[in-house]
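Keep in mind that the numbers below use all heavy atoms, side chains included, and drop hydrogens, waters and symmetry copies.
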Amino acid sequence: MPFLAILFALLLTWQPARADDSLSVVLGAKTPALMNALNLIAQGAGFYRDEHLSVSKILVDGALEAARTCSSGKGDICPIGVEPLLANYDDGIRLKLFLSRASKFAYVIAVPEDSPVRTLADFKGRKIGVHVITAAASGVFTTRSALSVAGLKPTDYSFEAIGYEEEAAAALASGKVAGAAFPYYEFIPLMVSGHKFRIFYHPAFKDVPNVGYAASPAVLAAKGDAIGRFSRAIVKASLLVRTNAAAAARLLLTADGMPFTGADLARVTAELTAWQSDLPAAEPDNRRIGALSAEGLQRYSELLAEAGVTKTVIPATEVVTGDFIAFANNFDHTALKKMAKSLP
């Protein structure tokens, strides 16, 4: 074939290198480290790179400010619970959860192992610690709904703000509060460090994930392909944690960019191992990792309204979508697990 014909054929088949799409993830400035774990693992493992994504981070004051940032178009993705989306829907915040960050209902109530509180009804007349007490505090919403199922009214108990991490642990250990209502993963570092707890799950929604990654309808429409690839990177990260927690810990710490020791690696490995059963890939053979239950969240929305947490029942379809789950799981799960097992 003449040279010019060969050159012409090559030009017809040549494709320019694909530019990375940019996405921003909005996080609260006091976000506990483990909440950002899947993002960091996806980055450290090169899953964002493989999906041709450039993912940046925006820090704001808290969950409500994160929701406002994403709803206003100043950020793309919020790792968030469904409660702020429901409670602030009538105020104009419009976000939809498109991927779960858990396999179970995130918020639990924990008491010290030797506590006299043995049922949810035993919280009557007691103080329960939450991070903060505001209109958008998910710990308040979820605890009220859990205790309402147990027959308690909001006047039967009280909340106290106990801050985060060690400050919260100290309040719980000292008896300042009878129990603490946090996402399960926030208790994991405390458990790994030797604290022993009795854990109460939500009696009606234990297997209904209520936390995930949310974006505005405008972002979902304009950046849908990138959102799908972000979702796939997170599903891969979750499957990697489920398959090889030690490798996931190393990738997380490397992506975090701070120097770390062998002790740090052992600690994070223990934390991720303890978290495996609550992550989206708790069932690694599931082909719908990251799926949210619209039916379950509809029941949850109804319960929140009945308990007076929200003014009206917000349809779950207004705050959750399953449009990206098939795309997020469209990769060779077996090959990914094989690769994960080969990592040091």
Worksheet item: Does the side chain of Glu83 pick up a donor-acceptor pair with the side chain of Tyr300 at under 3.5 Å?
Response: yes
Worksheet, complete the sentence: All heavy atoms of Val268 vs all of Ala249, minimum pair found to be CG1-CB, 3.6 Å
Fill in: Under 3.5 Å: donor-acceptor pair, side chain of Asp256, backbone of Met258
no
Practice prompt. Verify, without hydrogens or angle tests, whether His195 (side chain) and Leu190 (backbone) share a donor-acceptor contact under 3.5 angstrom.
Written response: no
Worksheet item: Hey, does the Lys NZ or Arg CZ of Lys206 hover above the aromatic six-ring of Tyr201, less than 6.0 Å from the centre and inside 45° of the axis?
Response: yes
Practice prompt. Without swapping roles, check the side chain of Asn244 against the backbone of Leu240 for a donor-acceptor pair under 3.5 Å.
Written response: no
Worksheet item: Does NZ or CZ of Lys236 fall inside the cone over Phe331's six-membered ring, less than 6.0 Å from its centre and within 45° of the axis?
Response: yes
Item to complete: Determine the interplanar angle of the Phe230 and Phe98 rings, folded into 0 to 90°, and report it as parallel if under 30°, tilted if 30 to 60°, perpendicular if over 60°.
Response: perpendicular
Worksheet entry | Lys104 side-chain N/O to Ser277 backbone N/O, donor-acceptor pair under 3.5 Å | yes
Worksheet item: Are any of the side-chain nitrogens in Glu113 or Arg198 under 4.0 Å away from the carboxylate oxygens of its partner?
Response: no
Worksheet entry | Partners meeting side chain to side chain contact (heavy atoms under 4.5 Å, CB included) with Asp285 (sequence neighbours left out) | Lys337
Worksheet, complete the sentence: Those residues at least two apart in sequence (or on a different chain) that pass salt bridge (Lys or Arg N to Asp or Glu O under 4.0 Å) with Asp207 are none
